[in-house]
Amino acid sequence: MKRLSGFALALLIVIPLCAAPALAAEPKGILKKVLQRGVLHCGVNGKLSGFGFLDPEGRMTGFDIDICRAVAAALFDDPEKIRYTPLSAPQRFTALQSGEIDLLSRNTTWTISRDSRVGLDFAPVVFYDGQGMMVMSDLGVARIDELDGATICVQTGTTTEKNLTDYFRNRGLSYEPVVTQDYETSVNAFLKGRCDAFTTDRSGLLATKVKYPALADALILDEVMSKEPLAPAVVQGDSQWHDLVSWVIYGLIEAEELGVTSANVAQKRESTDLNIRRLLGVEDTFGEDLGVTNDFIYRIIRHVGNYGEIYDRHLGRNSPFNLPRGLNDLWTRGGLMYAPPLR
Amino acid sequence: MNAPDPPLHRNPKFLRGAAQAVFALVFVYLVSAMLHNMVVELDKRNLPLGFDFLGQPAGFTISETIIPFDDRSAYGWAFLAGIVNTLQVSGLGIVLATTIGVIVGVSRLSKNFLVRTLATTYVEILRNIPLLVQLIVWYTVVFLNLPPLRRSLSLPGGVQINNRGVYFPWFAANDQTRTWLMVCAVAALTGAVAWWRVERRRRANGAIRTEGRSWAQSWGMAAAWMLGSVAFITAGWALTGQPPFGMDYPVLKGFNFRGGASVSPEFAALLTGLTLYTAAFIAEVVRAGIQAVDKGQGEAAAALGLGRLQSLRHVILPQAMRVIIPPMVNQYLNLTKNSSLAVAIAFPDLVAVGNTIINQSGNAVQMMVLIMGTYLVISLAISWLMNRFNQRFRLAGR
């Protein structure tokens with residue numbers, strides 16, 4: 001008995017000592033950690049049609065999800081090696097800061113305060129959006145200016161919340177906010193008539209309108225209230241990981257520009273075009289320099305497709321939204337999607 | 001003759017001391033390791049660990065506040081608005097839950113079958129459904145399903161009920177109000193001085209401080225006071241030809257009702273949910289307290305010729321209170337802490353506002369510390385108050 005308690009005492013002392021290095025040790029960098037773990041931890045929306053939601057078969061799907069899948073494909077040659085964490089707007093940054101997720105791909109607007117004070121690093125913009133306002137058509141409102149004194153449903157912890165405040169203040173208008181923690185409470189309050197208007201990114205409004213039959217004759221007002229460049233984010237201070245995520249996205253854009261699709265990527269590998277050969281890792285060692293294999297973009301395109309394919313699949317012509325490319329088209333066609341050269 | 005001291009490894013005194021010392025060391029080590037880890041990690045991410053951000057403008061709005069707030073106010077002020085909202089809903093909740101709880105608790109011991117069964121059903125249902133579920137039901141099923149704004153339910157007296165809230169007429173100042181308030185203040189002051197002098201004389205004549213007045217005396221005084229005030233106001237009204245204050249009625253203007261006062265569905269749902277849930281527990285506490293008093297006490301009171309109410313007031317309740325108060329403190333603390341479930345139904349309590357601040361400013365650690373600290377202070381304050389109350393009761397009861 002005495003020996004046992006001595007043993008317990010020893011354990012009590014030794015366990016914290018063993019735990020100490022684990023507590024205080026420097027992580028070797030997120031990329032190494034993820035490769036070692038074999039699974040990418042991705043923070044997503046989970047409830048927003050088109051961007052990140054569960055399909056009828058119970059799989060995560062959407063535009064933001066495919067960004068996660070592209071990163072997983074680059075790392076593991078397998079887009080399924082992901083653990084998704086559905087996050088509400090107020091949870092998302094803490095999840096990233098605390099290391100619960102490696103990558104946040106959840107319709108998040110890139111702003112200076114998030115880049116600095118909140119401690120994030122943003123990958124390139126994947127979707128150029130703007131804030132909009134939705135009302136029921138029987139309200140008889142056609143412009144935001146006519147909403148003076150209205151009650152407006154908005155989610156907390158979003159840029160939307162602050163833009164709304166600024167927009168109304170700048171125009172000398174007043175409003176009564178109903179601030180909810182999550183998207184569904186907000187939509188529900190709007191559907192029940194608790195609010196006169198519902199505001200979020202315009203893509204989100206459209207997705208909501210398509211998802212809820214009761215909103216069939218809701219009206220998305222024409223004004224664009226703000227710039228909402230949506231971008232994936234990683235935690236600040238790990239430039240190797242940030243570089244990799246960035247180049248996964250550039251790779252998607254560049255592949256579209258060079259006409260490389262999931263259908264033709266295998267034969268494009270045999271191409272003599274030096275740009276394509278470098279993109280797909282046949283020449284040079286860009287992949288290894290980033291810390292992954294040289295053919296990482298080949299893997300991405302094979303499993304997930306290029307930027308245009310992802311867009312069309314979830315938001316564009318192959319989706320219920322049929323959203324025109326607009327600003328999200330390639331720079332060669334008048335949009336803003338532009339990748340720096342791979343060389 | 002003393003036995004020789006046992007060797008150290010068999011000396012229970014030493015072993016006990018050593019175990020405690022080791023435990024303390026391990027504890028201190030773990031805590032400091034965690035703090036160190038936090039500081040290092042925050043530093044690595046270039047996240048500041050100060051509270052300076054509380055002075056910066058919030059830039060967001062809060063749906064309802066008691067203290068004046070707009071988007072130019074500071075983060076710290078926003079948090080304070082959240083604290084006040086929490087205090088408001090908890091304070092009201094505690095009063096209402098106690099009232100309902102006592103009624104239901106006494107009803108559970110009623111000799112009337114219907115009353116007893118209803119009270120039991122209430123307790124068993126409300127107590128056994130998680131509060132979060134109840135809150136969501138109150139909000140989305142009850143309050144959001146009230147008639148919409150344009151088909152608002154009009155009650156007599158100018159009360160409007162719809163899913164934007166309950167709107168009712170409220171006092172509004174007119175040009176007489178200031179004079180009236182001043183007159184009232186003087187009257188109250190005079191009354192207080194008079195009361196104090198009467199009390200002093202009473203005590204000088206040998207009355208003990210804790211000795212209560214009889215009910216007849218108390219009720220008599222209350223009635224006299226009421227009659228006096230009514231007469232006073234009527235006289236003043238007749239004299240000046242104007243009531244002491246106007247009434248402001250809610251009117252549908254533009255997108256919402258304006259004027260009067262209103263309660264939002266979020267607040268109403270939270271208050272209703274918290275009150276009814278906690279009242280079920282309080283009812284059990286009250287029932288247990290009454291049942292804990294020995295049966296013989298009531299019989300003895302009856303033998304002395306005390307009526308049922310007299311026996312309840314002078315014999316049963318003072319003894320029951322000693323059993324009731326400590327668990328009651330627990331229920332008050334639970335209610336206050338449960339009010340943090342407000343985040344689920346869009347009421348801006350201190351957790352909801354704190355979450356928003358975390359998200360807009362990125363200072364998660366500081367805000368979590370502030371939120372926890374605030375709850376700790378509120379809870380300790382309630383405990384302290386109730387402990388004082390409890391002590392007084394002990395003295396008075398024995």
Side-chain angles (χ1 to χ4, degrees), chain A residues 2 5-6 9 12-13 15-17 19-20 23-24 26-27 89-94 97-99 113-114 116-120 139 147-151 153-154 156-158 161-162 164-166 168-169 175-182 185-186 188-189 191-196 235-237, chain B residues 9-10 15 18-19 22-23 25-26 29-30 33-34 36-37 40-42 44-48 53 58-64 70-72 139-140 143-145 147-150 162-164 253-256 258 264-266 343-346 348 352-353 355-356 358-364:
Chain A
K2 202 173 69 202
S5 61
L9 262 182
L12 260 180
I13 300 166
I15 288 173
L17 286 178
L23 278 172
E26 303 278 305
Q91 293 169 332
R92 54 187 162 176
F93 301 136
T94 318
Q97 287 169 347
S98 64
S113 63
R114 289 172 176 177
S116 54
R117 207 186 316 141
V118 182
L120 310 182
L139 193 67
L147 282 173
D148 192 13
T151 306
C153 279
V154 61
T156 181
T158 56
E161 186 183 15
K162 289 189 142 182
L164 176 68
T165 312
D166 289 355
F168 275 68
R169 169 173 285 276
Y175 71 100
E176 290 175 19
V178 173
V179 186
T180 60
Q181 295 274 321
D182 63 77
T185 316
S186 201
N188 189 36
L191 281 171
K192 293 269 169 68
R194 172 73 180 89
C195 306
D196 297 304
V235 79
Q236 186 167 287
Chain B
H9 70 275
R10 282 205 200 145
L15 283 180
V22 167
F23 183 78
L25 272 178
V26 168
Y29 173 77
L30 277 179
M34 271 156 68
H36 173 78
N37 185 50
V40 167
E41 292 295 315
L42 283 173
K44 211 186 292 168
R45 288 165 176 76
N46 283 323
L47 294 173
F53 69 96
F60 58 83
T61 38
I62 300 179
S63 10
E64 50 186 305
D70 75 0
D71 56 294
R72 304 315 300 162
Y139 184 55
T140 61
F143 284 97
L144 280 188
N145 276 333
L149 185 74
R150 315 268 159 205
N162 57 59
N163 68 0
R164 301 268 173 100
K253 244 186 238 160
F255 290 100
N256 283 311
R258 309 267 168 225
S264 76
E266 291 81 23
V343 291
I345 55 169
V353 176
N355 270 343
T356 306
I358 288 178
N359 213 256
Q360 300 291 13
S361 74
N363 295 287

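Since we're looking at a predicted model, the values are computed, not measured. The figures here come from the full heavy-atom set of this structure, side chains too, leaving out hydrogens, waters and symmetry mates. Residue numbering restarts at 1 for every chain, and letters A, B, ... go by the order of the sequence lines.
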Shortest non-hydrogen contact from A/Gln181 to B/Asn355?
OE1-ND2, 3.5 Å
Donor-acceptor under 3.5 Å (B/Asn163 side chain, A/Lys192 main chain):
yes
Closest approach of A/Ala150 to B/Asn256 (non-hydrogen atoms, all atoms of both residues):
C-ND2, 4.2 Å
Look only at the side chain of B/Gln360 and the backbone of A/Thr158, and say whether a donor-acceptor pair between them is shorter than 3.5 Å.
yes
Rounded to the nearest 0.5 Å, what's the gap from CG on A/Leu139 to CZ on B/Arg150? Could you check?
6.5 Å
Do you know which of B/Ala352, B/Pro148, B/Gly254, B/Gly59 has the most heavy-atom pairs under 4.5 Å to chain A?
B/Gly59
Given a strict heavy-atom distance threshold of 4.5 Å, which part of A/Asp182 is in contact with chain B: side chain, backbone, both, or neither?
neither
Quick check on A/Thr151 against chain B: is it the side chain, the backbone, both or neither that has a heavy atom closer than 4.5 Å?
both
Calculate, to the nearest 0.5 Å, the distance between atoms CG and CG belonging to A/Asp166 and B/Asp71 respectively.
7.0 Å
Residue pair B/Tyr139 / A/Thr185, side-chain donor-acceptor N/O under 3.5 Å:
no
With a 4.5 angstrom heavy-atom cut-off, which part of A/Thr180 approaches chain B: side chain, backbone, both or neither?
both
Side-chain touch A/Leu147/B/Phe255, heavy atoms, less than 4.5 angstrom
yes
Less than 4.5 Å to any heavy atom of chain A: does that hold for the side chain of B/Leu25, its backbone, both, or neither?
neither
Are any non-hydrogen side-chain atoms of A/Tyr175 and B/Thr61 less than 4.5 angstrom apart?
yes
A/Pro177 and B/Ser63 have their tightest heavy-atom pair at O-CB, 2.9 Å
Minimum heavy-atom distance between B/Arg164 and A/Gly193, given as atom pair plus value:
NE-O, 3.0 Å
B/Asn359 side-chain N/O to A/Thr156 backbone N/O, donor-acceptor pair under 3.5 Å:
no
Nearest-0.5 Å distance, CG of residue B/Asn162 to CZ of residue A/Arg194:
9.0 Å
